[in-house]
Amino acid sequence: MKRHNSRIFTILVLFNLDMNNVDLSQIEVEALKEVKEDVKKLILDDEYQVEINYEFSDLIIDKVISEYNNIIEIIKDSLVNWSIDRLSYVDRAIVVSATAEMLIKETPKEVIINEYLEITKEYSAVADEKQVRFNNKVLDGIAKKLYE
């Protein structure tokens with residue numbers, strides 16, 4: 001459960017940065033640190049406490065920052081008749097985080113995809129599950145390219 005919560009934390013950080021139009025390829029360490037602290041405060045202020053492995057979250061966030069342009073290109077190549085700018089902020093954060101984690105290759109791709117589809121169900125999907133199917137198709141395409 002710690003890793004699941006770590007992925008959610010990562011998505012919240014990426015969502016926040018994207019909403020504020022922060023260029024992740026040029027973000028300063030202090031600015032990133034501030035955003036992480038703000039998100040931690042939101043989580044800690046919540047009425048329920050969750051366990052988060054911040055080292056795991058930092059691993060994914062660091063990968064996003066170090067390979068941001070590459071990650072965006074990988075995602076663009078996997079979107080069929082769609083552009084990355086048309087993704088919602090939440091779905092963009094989900095797909096970027098999942099792609100970064102796939103690049104790390106510490107966890108099997110099936111586990112990564114399943115985890116991010118569960119997060120899609122929690123934070124993005126509407127009743128008809130179209131977003132889950134869409135993200136599944138995108139993440140499967142990315143996995144095929146990265147795990148060839």
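Model, not experiment: these values are computed from the prediction.
Side-chain atoms of Tyr68 and Ile27, non-hydrogen and from C-beta on, never get closer than 4.5 Å to each other. Between Ile84 and Leu87, the closest side-chain pair of non-hydrogen atoms falls below 4.5 Å. Using a 4.5 Å heavy-atom threshold, the side chains of Asn135 and Tyr116 count as separate. Counting only heavy atoms from C-beta outward, the side chains of Leu59 and Glu101 never approach each other to under 4.5 Å. The closest side-chain heavy-atom distance from Val95 to Ile142 is below 4.5 Å. Proximity of Phe9 to Asn5: side-chain heavy atoms (C-beta onward) are nowhere separated by under 4.5 Å. A 4.5 Å side-chain heavy-atom check between Phe15 and Val90 finds at least one atom pair inside the cut-off. Taking the side chain as every heavy atom from C-beta outward, Lys2 and Ile52 never approach each other to under 4.5 Å.
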| said: Determine whether Leu17 and Leu32 satisfy the following criterion, side-chain contact (heavy atoms from CB on, under 4.5 Å), listing intermediate values before the conclusion. | reply: CA-CA 8 Å; Leu17 292 167; Leu32 178 60; 4.0 Å; yes
Exercise for review: Could you give me the CA-CA distance, side-chain angles and deciding distance for Asp18 and Arg92, then say whether salt bridge (Lys or Arg N to Asp or Glu O under 4.0 Å) is met?
Suggested key: CA-CA 9 Å; Asp18 195 10; Arg92 192 165 37 242; 2.6 Å; yes
- Apply salt bridge (Lys or Arg N to Asp or Glu O under 4.0 Å) to Glu28 and Lys33, showing your working. CA-CA 9 Å; Glu28 295 180 14; Lys33 190 175 180 180; over 6 Å; no
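A donor atom on one side chain and an acceptor atom on the other are found under 3.5 Å apart for Asp91 and Ser124. A side-chain donor-acceptor contact under 3.5 Å links Ser57 and Thr10. In this model, no donor atom of one side chain and acceptor atom of the other lie less than 3.5 Å apart for His4 and Glu51. Checked by atom type, the side-chain pair Asn69/Glu73 shows no donor-acceptor distance below 3.5 Å.
Taking CG of Leu103 as the reference point, atom CG of Asn70 lies at 6.0 Å (rounded to 0.5 Å). Note that CG of Asn136 is 9.0 Å distant from OG1 of Thr120, once rounded to the nearest 0.5 Å. Between atom CD1 of residue Ile119 and atom CD1 of residue Ile8 there is a gap of 5.0 Å, rounded to the nearest 0.5 Å. Atoms CD and CG, from Gln131 and Leu117 in turn, are 10.5 Å apart once rounded to the nearest 0.5 Å. Here Leu139 contributes atom CG and Ile75 contributes atom CD1; the two are 8.5 Å apart, rounded to the nearest 0.5 Å. Taking CD1 of Ile11 as the start and CD1 of Ile94 as the end, the distance is 5.0 Å to the nearest 0.5 Å.
Closest of all the heavy-atom pairs between Gly141 and Ser78 is C-OG, 3.8 Å. Scanning all heavy atoms of the two residues, the minimum distance from Phe56 to Ser6 falls at CD2-CB, 3.7 Å. Across all their heavy atoms, Ala100 and Val64 have their closest contact at CB-CG2, 3.4 Å. In terms of heavy atoms, Arg7 sits closest to Ile60 at CG-CD1, 4.5 Å. For the residue pair Arg86 and Asn81, the shortest heavy atom distance occurs at NH1-O, 4.0 Å.
A donor-acceptor pair under 3.5 Å is absent between the side-chain atoms of Ser97 and the main chain of Ala93, judged by distance alone. Between the Asn20 side chain and the Val22 main chain, no donor and acceptor come within less than 3.5 Å of each other.
Residue pairs that meet the ring pair (Phe, Tyr, Trp, His ring centres under 6.0 Å) test with at least one member in residues 75-114, sequence neighbours left out, are Trp82-Phe134.
When the salt bridge (charged side-chain N to carboxylate O under 4.0 Å, His left out) test is applied to Asp58, the partners found at least two apart in sequence or on another chain are Lys36.
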Side-chain polar contacts of residues 104-113 - donor-acceptor pairs under 3.5 angstrom, sequence neighbours left out - could you list them?
| from | atom 1 | to | atom 2 | distance (Å) |
| --- | --- | --- | --- | --- |
| Lys105 | NZ | Leu146 | O | 2.8 |
| Glu106 | OE2 | Arg3 | NH1 | 3.3 |
| Glu106 | OE2 | Arg3 | NH2 | 2.5 |
| Thr107 | OG1 | Arg3 | NH1 | 3.2 |

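When the side chains of ILVMFWY residues are joined at heavy-atom separations under 4.5 Å, either directly or via intervening members, Tyr147 and Val138 end up in a single hydrophobic cluster.
Within a 6.0 Å sphere centred on NZ of Lys76, heavy atoms belonging to other residues, nucleotides or ligands number 12 at most.
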